[in-house]
Amino acid sequence: MLRTHTCGELDKTHVGDTVTLCGWVDSYRDHGGGLFVDLRDRYGLVQVAFNPPDTSPVEIEASKQLRAEYVIKVTGRVAERPPGKANPNLTTGDIEVRATQLELLNKSKTPPVSPSAAKQDLPGEDLRLEHRYLDLRRPEMQRVLMLRDRIVKGMRDYFAEHDFIDVETPCLGRSTPEGARDYLVPSRVHPGNFYALPQSPQLYKQILMIAGYDRYVQVARCFRDEDLRADRQPEFTQLDLEMSFVDADDVIGEIDGLCQKLAKEELGLDLQLPLPRMTYDEAMRRFGHDAPDLRFGLEIIDCTDLAPKSDFGVFKNVVAGGGFVRAINVKKGTEQYSRRGIDGLTEFVQGLGAKGLAWFRCEEDGKLGSTIAKFFSDEVLAEFAERLGAEAGDLILFSAADWDMTCKVLHALRTKVGREMKLYDPQAMHFSWVVEFPMFAQDEETGHWAAMHHPFTAPLDEHVPLLETDPGKCRAKAYDLVINGSEAGGGTIRIHDAAVQSQVFSLLGIDAATADDRFGFLLHALQYGAPPHGGIALGIDRWVMLFGRLDSIRDCIAFPKTQKATDLMTEAPGEVDARQLKELSLKINV
RNA sequence: GGCGCCGUAGCUCAAUUGGUUAGAGUACUGGACUGUCGAUCCAGUGGUUGCGGGUUCGAGUCCCGUCGGCGUCGCCA
């Protein structure tokens, strides 16, 4: 080792010791007769003093060449700082290292991204990504990567203690047409054929259950070639697990325990178990979303039955057409949202596809007022006010449309208003489950049914008859873990009954030949003694994002990709040699 | 693919209604300084205003296109 100690570990107990440190020059303060260097490594920051008489004139002269991010090795004696010179902002602020020897290990060009930059001086994200090795030197990035390390380790330890075994599954698999777009890898040995990178280890983990490994877990990299978002990357990491001889409650209970453990360890939070659960239908009714943010209320209130009592054409027509009129009551919202502010909200919902935004203000006398109030009689206005619990200063925002659009609009409004009116503590963490998702969603144009989760998801036992009579009402043994309005994990119990499986396939329009072609290996395996099984996958990147209170998933990943799925540091993806293409029997057509 | 925001010195930003030679802080270079910790003080270097076109007497500013970054809708079983 070139060093005897790390920069962060020194304190008063080391006073008098001679130490050798290695690290990067975080900053330097040249004082003429001597100078001070803040030396940084992964463990912290310590002040190194190059002052007479401890430091020789030769070493002081050499120290004047130091610049930001130079890598040095320093030997010196740990000393208590002179009275009144301690720095309370530094954990090592009581002491300093009085240098006797300086060795320059490496120079640095002037860094375009400064690891010691204050938050408001943080360079643009494109620069940070291009020079990620500098960005990752920032204490904040180190905090996040270390948090990530502890979360993953905490998960691994937890499942190891619960008798799960870690099994690796292939990255080179077979493309299945369902779900997200695949990343493809061409095969050299089989010209014209392709592997697909896994969207998740779904099929393999089911095979492992059939193979008798009744508790499987893996930290698995997953790939989906879809457009990116602030919380979505093309490759991401899941804590994937599967269990045999279980029902939904068992899987949920297992994850409940994990949440409790990690919330305690990382957030100091005591979670009451079981975590709250809500059905999908209730979530959509009360919050308009399958992953509601339960840190605050602002629930949706249905006014569909009242709407036709008005003479307001929009309401009447929507209801007559089978649509819904629903609203949120923004308590004291008129202070935050003036007429101009409401115009802004109108533009906001129009951007989501809404035709407009109907609204009421509750006046001082408790009556509802609005540009549309003239279409409502006093009696009907009073009915609305009562239904909505309107009090002076409240702002009522409506969505009148089909069910899906009212959900989309009111969820977006609720999220926006909740954030803008600070209806919750940004430090708060809320864990809950949404359960019993629909089995199928119907394509509006074709009328075809599509699996909401995947085609192996089991329906609720009592809903099996609905597969024949009313698939849209059929609910699944599916469950999503929701943290602060973010989907932090999701899973299902799988079908292990061949008859139910073929029923689902036929509903999805997958005939026997197609099913055999796509996932024949799984269907075959299911015929050799498949245990009832189910599992879940947790989005590790999102867990880190939520536990670390970060706004972007890119800040939780050491080397993330941009919105266009490029790596600004390596400049991936890139072109390849003609020779490589020839070996793969590929021709580029652009 | 649609919509929106952004792009000015190495970095973070400013630049009035379209108007003189595009400024500031920081970094960098040189100098001064024996206790600083965002050190301080003096001086200096540093610009294809992302790129291309257009409008105009005149464009960092307005228009069109394009590239890049971000957000969002579609998409993400």
Side-chain angles (χ1 to χ4, degrees), chain A residues 26-39 45-55 57 60 67-69 79 81-90 92-93 96 98 109-114 116-131 134 176-182 199-200 202-203 222-234 236 347-354 408-409 412 415-416 437-441 449-457 476 478 487 490 492 504 508 510 518-519 539 551-552 554 561-564 566 568:
Chain A
D26 194 71
S27 66
Y28 61 94
R29 295 172 289 281
D30 189 342
H31 238 276
L35 66 84
F36 299 92
V37 165
D38 286 344
L39 193 64
L45 207 64
V46 69
Q47 172 165 283
V48 181
F50 294 86
N51 285 324
D54 303 88
T55 313
I60 290 176
R67 292 294 177 271
E69 301 311 310
R81 295 207 192 175
K85 301 296 183 185
N87 184 348
N89 300 320
L90 235 48
T92 60
E96 66 190 6
R98 302 208 169 136
K109 293 172 70 174
T110 300
V113 174
S114 171
S116 56
K119 209 163 194 175
Q120 68 271 15
D121 295 326
L122 202 61
E125 194 174 1
D126 45 350
L127 262 184
R128 290 173 49 208
L129 293 177
E130 185 184 339
H131 304 278
L134 295 174
T176 53
E178 270 76 26
R181 198 175 291 116
D182 283 321
Q199 298 177 23
S200 78
Q202 181 62 42
L203 300 180
C222 306
F223 305 86
R224 293 179 190 177
D225 187 6
E226 297 292 345
D227 286 349
L228 277 48
R229 288 287 184 282
D231 62 352
R232 235 196 268 164
Q233 281 274 299
F236 58 99
E347 281 178 36
F348 173 71
V349 298
Q350 283 171 337
L352 298 169
K408 180 176 165 186
V409 166
T415 305
K416 181 180 171 71
F437 281 66
M439 281 286 287
F440 311 100
W449 293 104
M452 191 130 160
H453 202 79
H454 59 69
F456 312 107
T457 302
E487 182 193 331
T492 62
V504 169
L508 295 172
I510 302 174
R518 290 181 190 172
F519 1 80
D551 294 324
S552 167
R554 294 182 297 280
K561 297 202 167 37
T562 67
Q563 201 171 64
K564 288 222 168 86
T566 63
L568 293 180

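What you see below is based on every heavy atom in this structure, not just the backbone, and it leaves out hydrogens, waters and symmetry mates. Order of the sequence lines fixes the chain letters, A, B, ..., with proteins taken first and strands second; residue numbering starts at 1 for each chain.
For A:Tyr28 and B:C28, the shortest distance from a side-chain N or O to OP1 or OP2 is below 4.0 Å. Phosphate contact (OP1/OP2 of B:C73, side-chain N/O of A:Arg229, threshold under 4.0 Å): present. Between A:Arg29 and B:A39, a side-chain N or O to OP1/OP2 separation shorter than 4.0 Å is present. Close to B:U34, at under 4.0 Å from its OP1 or OP2, lies no side-chain N or O of A:Thr55. Between A:Lys85 and B:C37 there is no side-chain polar atom (N or O) within less than 4.0 angstrom of OP1 or OP2.
Look at the P atom in both B:A43 and B:G38: the space between them is 24 Å, to the nearest Å. Here, B:G71 and B:A9 have their C1' atoms 28 Å apart, quoted to the whole Å. B:G23 sits 22 Å from B:C41 when the P atoms are compared, rounded to a whole Å. Going from the C1' atom of B:G60 to that of B:A14 covers 11 Å, rounded to whole Å. When the P atom is compared between B:C70 and B:C63, the two are found 24 Å apart, to the nearest whole Å. Of the C1' atoms belonging to B:G25 and B:U40, the separation is 16 Å, rounded to the nearest Å. Only the P atoms considered, B:A22 is 13 Å distant from B:G46, to the nearest whole Å. Comparing the C1' positions of B:A32 and B:A39 gives an interatomic distance of 14 Å, to the nearest angstrom.
Judged by distance alone, the side chains of A:Arg29 and A:Gln47 do bring a donor and an acceptor atom under 3.5 Å apart. With hydrogens and angles left out, the side-chain atoms of A:Asp182 and A:Gln199 include a donor and acceptor closer than 3.5 Å.
Here the side chain of A:Thr566 pairs no donor or acceptor atom with the backbone of A:Thr562 at under 3.5 angstrom. Judged purely by atom type and a 3.5 angstrom limit, A:Lys561 has no side-chain atom pairing as donor or acceptor with the backbone of A:Pro234. Put simply, the side chain of A:Arg232 gets close to the backbone of A:Asp227: a donor and an acceptor are under 3.5 Å apart.
Distances were taken from every side-chain heavy atom of A:Asp38 (C-beta onward) to each of B:U12, B:C37, B:C75; the shortest belongs to B:C37. Considering only the side chain of A:Arg67, B:G30 comes nearest among B:G30, B:G69, B:G35. Nearest nucleotide to the A:Pro123 side chain, out of B:U36, B:U29, B:C11: B:C11. Closest contact between the side chain of A:Asp227 and the listed nucleotides B:C11, B:G1, B:G69 involves B:G1. In the set B:G35, B:G69, B:G74, B:G35 carries the atom at the smallest distance from any side-chain atom of A:Gln47. The A:Thr110 side chain lies nearest to B:A27 when the options are B:G69, B:U36, B:A27.
B:G18: no Watson-Crick or G-U partner with both key distances under 3.5 Å is found in any strand. Base pairing of B:G58: no nucleotide in any strand meets the Watson-Crick or G-U wobble criterion (both distances under 3.5 Å). Partner assigned to B:G47 is none, using Watson-Crick or G-U wobble distances below 3.5 angstrom. Across all strands shown, B:G23 pairs with B:C13; the Watson-Crick or G-U wobble distances both stay below 3.5 Å. Shown here, B:C3 forms a base pair with B:G71; the pair counts as Watson-Crick or G-U wobble because both key distances fall under 3.5 Å. Using N1 to N3 plus N6-O4 or O6-N4 for Watson-Crick, or N1-O2 and O6-N3 for G-U wobble, each under 3.5 Å, B:U8 pairs with nothing. Here B:U34 sits opposite no nucleotide as a Watson-Crick or G-U wobble pair (both hydrogen-bonding atom distances under 3.5 Å).
Counting atom types as modelled, A:Arg554 pairs no side-chain N or O with a base atom of B:G69 as donor and acceptor under 3.5 Å. Between the side chain of A:Arg232 and the base of B:C75, at least one donor-acceptor pair of N or O atoms lies under 3.5 Å.
With RNA chain B read from its 5' end, the first of the two nearest nucleotides for A:Leu568 and A:Gln199 is the one closest to A:Leu568. In terms of position on RNA chain B, the residue among A:Gly179 and A:Glu96 whose nearest nucleotide sits closer to the 5' end is A:Glu96.
At whole-Å resolution of the value, NZ in A:Lys408 and P in B:G74 are 4 Å apart. One atom, CG of A:Leu45, and another, P of B:G38, lie 11 Å apart when rounded to the nearest Å. In this structure, A:Arg128 places its CZ atom 12 Å from C1' of B:C70, rounding to the nearest Å. Distance CG (A:Leu228) to P (B:G1): 14 Å, rounded to an integer number of Å. One interatomic measurement links the two molecules: NZ of A:Lys119 to C1' of B:G38, which rounds to 18 Å at whole-angstrom precision.
The ring of A:His31 does not lie on top of the base of B:G35; it is either too far (5.5 Å or more) or too tilted (30° or more).
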>> Pair A:Met439, A:Thr457 - check side-chain contact (heavy atoms from CB on, under 4.5 Å), show working.
In response: CA-CA 7 Å; A:Met439 281 286 287; A:Thr457 302; 4.2 Å; yes
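Atom OG of A:Ser200 sits about 7.5 Å away from atom CZ of A:Phe236, to the nearest 0.5 Å.
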